[in-house]
Amino acid sequence: MASATADRPQKGAAANGTGRGVPLGDREFQAIREFIYRRAGIHLSTAKRALVAGRLEKRLRELGCAGYREYLALLDGDPRPGSEAQRAIDLLTTNETYFFREQKHFDYLVEHVLPTLTRAPQGLRIWSAACSSGEEPYSIAMTLAEHAGARPWSVLATDLSQRVLERARAGIYPLDRAERIPRSYLRAYCLRGTGSKEGLFAVARKLRERVEFRTLNLNAELPEGLGLFDVIFLRNVMIYFDLPTKQALIARLIARLRPGGYLFVGHSESLNGVTSELIVEAPSIYRRP
């Protein structure tokens with residue numbers, strides 16, 4: 001949201017939204033738009049018809065559905081693990097991220113946030129609220145391992161997509177994804193693949209064990225046992241939400257932020273007009289009084 005976002009159509013999606021031969025009519029497209037808005041808070045514009053066709057048409061063929069109307073009937077009910085509703089959510093959300101994205105946030109975490117929060121008695125808790133395939137929470141964990149000192153810390157990483165969470169838990173990435181990780185961090189917290197794993201690297205177990213991955217829908221009521229956090233990362237997510245969705249989401253997150261805690265949003269995002277409960281500390285960085 002690190003994010004759940006609509007993106008480019010896959011290859012083979014026709015510009016008129018008909019995919020490779022399964023027509024996506026106006027009514028069915030509107031029903032899919034309402035489904036993903038209701039489930040994930042994502043607003044798909046009318047220009048995204050080709051994207052939807054490109055991502056769902058193969059699934060229709062796999063299931064033997066004659067058309068989108070038949071497929072929509074499979075999306076009723078809660079998006080339980082393994083359900084078709086959850087599969088559709090996975091297909092309709094893109095999770096673009098990389099290690100140490102928006103480096104200035106990590107610099108600010110080290111230079112301004114940790115010196116203050118490490119003086120507090122409780123263990124430091126950071127939430128990567130739209131963690132995608134894990135690059136953001138592992139970047140946070142590397143930073144904490146280097147700079148939090150002896151103070152206990154933990155990272156919670158959540159996402160709506162079970163597909164990307166499986167990749168995140170494994171902590172295995174193509175070697176070219178390591179280019180933004182500082183060399184000292186690579187040596188301390190990553191392992192280069194050999195043999196059948198050539199061309200890959202893995203986040204070391206000692207770091208993976210400090211990150212908890214959990215399925216969570218930010219656009220629903222948050223679980224009671226979630227607890228409070230010193231820092232919440234919610235980056236590059238809200239640009240796909242309308243104003244009421246943003247306001248409701250931020251209100252839920254503020255309730256989970258400790259007094260004096262920080263909220264990081266994407267550099268292209270702002271909470272102007274969304275909430276007045278947080279103080280602007282720096283561009284895209286807010287603090288709860």
Side-chain angles (χ1 to χ4, degrees), residues 1-97 129-133 158-168 215-222 234 236-249 252 266 268-269:
M1 48 163 2
S3 57
T5 65
D7 204 343
R8 298 180 303 212
Q10 294 177 339
K11 292 181 180 179
N16 63 1
T18 59
R20 295 194 182 100
V22 182
L24 176 56
D26 292 344
R27 186 172 298 179
E28 290 77 14
F29 177 50
Q30 181 59 30
I32 291 170
R33 292 177 68 199
E34 293 172 357
F35 165 80
I36 200 64
Y37 180 82
R38 186 171 63 252
R39 298 297 193 189
I42 295 174
H43 174 70
L44 286 175
S45 71
T46 55
K48 299 296 185 181
R49 184 186 296 221
L51 177 144
V52 171
R55 294 193 176 178
L56 293 183
E57 198 249 356
K58 180 181 177 181
R59 183 59 179 161
L60 266 66
R61 295 201 311 271
E62 291 174 347
L63 294 172
C65 294
Y68 284 92
R69 185 173 301 180
E70 183 178 343
Y71 182 71
L72 282 162
L74 303 177
L75 304 185
D76 292 337
D78 295 330
R80 301 177 305 278
S83 70
E84 192 56 39
Q86 180 63 53
R87 181 67 176 265
I89 289 170
D90 286 349
L91 289 171
L92 290 171
T93 55
T94 297
N95 308 84
E96 180 185 1
T97 186
C131 70
S132 187
S133 48
T158 66
D159 202 279
L160 181 61
S161 171
Q162 296 180 24
R163 172 175 50 89
V164 297
L165 286 174
E166 290 175 4
R167 292 167 52 196
T215 306
L216 189 144
N217 186 349
L218 293 173
N219 287 288
E221 290 301 317
L222 300 177
L234 182 77
N236 307 300
V237 176
M238 293 186 296
I239 52 175
Y240 298 94
F241 296 160
D242 59 18
L243 182 58
T245 302
K246 292 178 185 178
Q247 292 172 331
L249 170 58
R252 286 193 291 271
S268 63
E269 299 172 313

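Numbers here simply count residues along the sequence, with the first being 1.
Partners of Thr158 by side-chain hydrogen bond (donor to acceptor under 3.5 Å, both in side chains), not counting sequence neighbours, listed by chain and number: Trp127. Here Asn217 pairs with nothing under the side-chain hydrogen bond (donor to acceptor under 3.5 Å, both in side chains) rule; sequence neighbours left out. Partners of Glu28 under the salt bridge (charged side-chain N to carboxylate O under 4.0 Å, His left out) rule, at least two apart in sequence or in another chain, are Arg69.
Looking at heavy atoms from C-beta onward, Leu165 lies in side-chain contact with Cys131 at the 4.5 angstrom threshold. Side chains of Arg252 and Asn219 form a contact here, defined as non-hydrogen atoms less than 4.5 Å apart. Counting only heavy atoms from C-beta outward, the side chains of Leu218 and Leu234 approach each other to under 4.5 Å.
In this structure, the side chain of Arg59 does not engage the main chain of Ala88 through any donor-acceptor pair within 3.5 Å. Judged by distance alone, the side chain of Asp159 and the main-chain N or O of Ser132 form a donor-acceptor pair under 3.5 Å.
Here the straight-line distance linking atom OG1 of Thr46 with atom CZ of Phe29 works out to 6.5 Å at 0.5 Å rounding. For the atom pair Asp26 CG and Arg49 CZ, the distance stands at 4.5 Å (nearest 0.5 Å). Here Phe35 contributes atom CZ and Leu72 contributes atom CG; the two are 9.0 Å apart, rounded to the nearest 0.5 Å. The distance from the CE atom of Met238 to the OG atom of Ser268 is 9.0 Å, given to the nearest 0.5 Å.
Around atom CD of Glu62, more than 12 heavy atoms belonging to other residues, nucleotides or ligands sit under 6.0 Å away.
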Stepwise side chain to side chain contact (heavy atoms under 4.5 Å, CB included) test for Ile32 and Tyr71: CA-CA 10 Å; Ile32 291 170; Tyr71 182 71; 5.7 Å; no
Full working for side chain to side chain contact (heavy atoms under 4.5 Å, CB included) between Leu222 and Leu216: CA-CA 8 Å; Leu222 300 177; Leu216 189 144; 3.7 Å; yes
From CA spacing to verdict: side chain to side chain contact (heavy atoms under 4.5 Å, CB included), Leu56, Leu24: CA-CA 10 Å; Leu56 293 183; Leu24 176 56; over 6 Å; no
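Looking at every heavy atom in both residues, Tyr68 comes nearest to Val52 through OH-O, 4.5 Å.
Using modelled atom types and a 3.5 Å distance limit, the side chains of Gln162 and Glu166 yield no donor-acceptor pair. Using modelled atom types and a 3.5 Å distance limit, the side chains of Gln30 and Arg33 yield a donor-acceptor pair.
Ion pairing of Glu84 with Arg87 is absent here, as no side-chain N (NZ or NE/NH1/NH2) approaches a carboxylate O to less than 4.0 Å.
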